[in-house]
Amino acid sequence: MTSPFTQDDRPLVLVADDEPDVLGAVVPFLSRSGFRVISAPDGRLALDEIRRHRPDVCVLDVLMPGADGREVLRTLRAEENWVPVLLLTQVGEAVERAMALEEGADDYLNKPFDPHELVARIRAVLRRTRNDGPPLANAPVLISTFGLKLDRVGRRAWINDRSLVVTPKGFTLLEYLMVHQDELIERTRLLEVLWGFDDAVGTRAVDSRVAELRRVLGEDAANPRWIATVQGRGYRFVAEVRGAEDLGGR
């Protein structure tokens, strides 16, 4: 299959992982999928490569010698380097995933993973971060149509001047959907985000949380302004979203 990118225009992906088998499988797969790829076996070398080559997206293992993936992420954000970062986490480590998103990761993927899924996540991250300034994953405030605003630092939400009473999981759900605007988010994915793998809940619990959130928003599921149902699959945040540094005088 011919790459949709020319040699110079193909996105550059950095993959950092201390497992040779992972690099040996992922690097050629990404190359065949239309990316230019550089790799590093630890976090310190990954930072050097990022500063030298300025990749379009980074895939970082959470557990690496020298500096782990989260430490690399914190260093980049402290330097105001907003390169999109996708972290590879261990299955069952819900706390690691939550902290990674709070620290500015654009997405995460559980190990072991399907390389096709990694390609899909990379392409999705590139689609939503190809603009100037911090991507949505790092914006302190998210603003959408019809007056919807999220203060991600204070964990507060409004529609115009009306403050919303949102449960912690409801807020996390809305935040995740807005950051991944216009992407189909599977119910199983939202299950991971809201509960992790340690809680014995099913996808029906996700539907209940979405219904709860819609009630708070005053959303009509049949004619949604923000959250659309994708039948048999999951949900999509259909309204436009932009990031902001503050609430604009609120």
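- Arg189 is not listed as a side-chain neighbour of Tyr235, based on a closest heavy-atom distance of 4.5 Å or more.
- Checked against salt bridge (Lys or Arg N to Asp or Glu O under 4.0 Å), Arg52 has the following partners two or more places apart in sequence or in another chain: Glu49.
- Evaluation of the ring-ring contact (aromatic ring centres under 6.0 Å, His included) rule for Phe113 yields no partner, not counting sequence neighbours.
- Taking 4.5 Å as the limit, some side-chain heavy atom of Asp107 sits within range of a side-chain heavy atom of His180.
- Taking the side chain as every heavy atom from C-beta outward, Val216 and Val165 never approach each other to under 4.5 Å.
- Judged purely by atom type and a 3.5 angstrom limit, Arg152 has no side-chain atom pairing as donor or acceptor with the backbone of Val141.
- Annotation for Gly243 and Ala139: closest pair CA-CB, 3.6 Å, computed over non-hydrogen atoms.
- Asp18 places a side-chain heavy atom less than 4.5 Å from the side chain of Asp61.
- Looking at Thr229 and Arg214, their side chains do bring a donor and an acceptor atom within 3.5 Å of each other.
- A donor-acceptor pair under 3.5 Å is absent between the side-chain atoms of Arg236 and the main chain of Ala228, judged by distance alone.
- Using a 4.5 Å heavy-atom cutoff, the side chains of Ile143 and Leu148 are not in contact.
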Evaluate Trp158 against Leu150 for side chain to side chain contact (heavy atoms under 4.5 Å, CB included), listing each step before the verdict.
CA-CA 7 Å; Trp158 295 266; Leu150 258 70; over 6 Å; no
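- For Arg54, there are no salt bridge (Lys or Arg N to Asp or Glu O under 4.0 Å) partners at least two apart in sequence or on another chain.
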Apply side chain to side chain contact (heavy atoms under 4.5 Å, CB included) to the pair Leu14 and Val57, showing each step before the final yes or no.
CA-CA 7 Å; Leu14 175 132; Val57 63; over 6 Å; no
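- Remark: side-chain polar atoms of Asp56 are paired, donor with acceptor, to backbone N or O of Leu12 under 3.5 angstrom.
- Interatomic distance, CD of Glu219 versus CD1 of Ile227, reported as 6.0 Å (0.5 Å rounding).
- For the pair Arg77 (side chain) and Asn81 (backbone), a donor-acceptor distance under 3.5 Å is present.
- Across all their heavy atoms, Ala221 and Pro224 have their closest contact at O-CD, 3.6 Å.
- Here Pro41 pairs with Leu45 under the side-chain contact (heavy atoms from CB on, under 4.5 Å) rule; sequence neighbours left out.
- Using a cut-off of 4.0 Å between Lys/Arg side-chain N and Asp/Glu carboxylate O, Asp161 and Lys149 are scored as not salt-bridged.
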Step by step, work out the side chain to side chain contact (heavy atoms under 4.5 Å, CB included) result for Trp82 and Asp106.
CA-CA 10 Å; Trp82 306 112; Asp106 295 85; over 6 Å; no
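- Listed here is the closest heavy atom pair of Leu60 and Leu73: CD1-N, 4.5 Å.
- One finds the CG atom of Asp151 at 10.0 Å from the CD atom of Glu175 (value rounded to the nearest 0.5 Å).
- Applying the 6.0 Å contact sphere to CZ of Arg242 captures no more than 12 heavy atoms from other residues, nucleotides or ligands.
- The structure places OG of Ser33 at 10.5 Å from CZ of Arg10, a figure rounded to the nearest 0.5 Å.
- The structure places CG of Leu142 at 11.0 Å from CD of Gln181, a figure rounded to the nearest 0.5 Å.
- The ring-ring contact (aromatic ring centres under 6.0 Å, His included) test applied to Phe171 returns no partner, not counting sequence neighbours.
- Rounding to the nearest 0.5 angstrom, the gap separating the OG atom in Ser39 from the CG atom in Leu23 is 5.0 Å.
- Checking side-chain atoms of Asp114 against main-chain N and O of His116 turns up a donor-acceptor pair under 3.5 Å.
- A heavy-atom distance below 4.5 Å is found between the side chains of Asp17 and Lys111.
- Checking each of Val37, Leu88, Val22 against Val59 for a side chain to side chain contact (heavy atoms under 4.5 Å, CB included) leaves exactly one that passes, namely Leu88.
- Between the Trp226 side chain and the Ser144 main chain, no donor and acceptor come within less than 3.5 Å of each other.
- To the nearest 0.5 Å, the span separating CZ on Arg209 from OG1 on Thr172 amounts to 9.5 Å.
- Through direct or relayed side-chain contacts under 4.5 Å between Ile, Leu, Val, Met, Phe, Trp and Tyr, Leu184 connects to Val230.
- No chain of hydrophobic side-chain contacts below 4.5 Å, direct or via other Ile, Leu, Val, Met, Phe, Trp or Tyr residues, connects Met178 to Val238.
- No side-chain heavy atom of Leu177 sits less than 4.5 Å from a side-chain heavy atom of Val179.
- Asp68 places a side-chain N or O within donor-acceptor distance of the main-chain N or O of Glu71, the cut-off being under 3.5 Å.
- Met64 and Ile50 are members of different hydrophobic clusters when ILVMFWY side chains are connected at heavy-atom separations under 4.5 Å.
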Report the C-alpha separation of Val206 and Leu190 in whole Å, then their side-chain angles, then the decisive distance to 0.1 Å, and conclude whether the side chain to side chain contact (heavy atoms under 4.5 Å, CB included) test is met.
CA-CA 7 Å; Val206 173; Leu190 291 174; 3.9 Å; yes
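- By the criterion of side-chain heavy atoms lying less than 4.5 angstrom apart, applied directly or through intervening Ile, Leu, Val, Met, Phe, Trp or Tyr residues, Leu173 is grouped together with Ile159 in one hydrophobic cluster.
- Side-chain atoms of Glu212 and Thr167 include a donor-acceptor pair closer than 3.5 Å.
- At a cut-off of 3.5 Å, with distance as the only test, no side-chain donor of Arg121 or Tyr108 sits close to an acceptor on the other residue.
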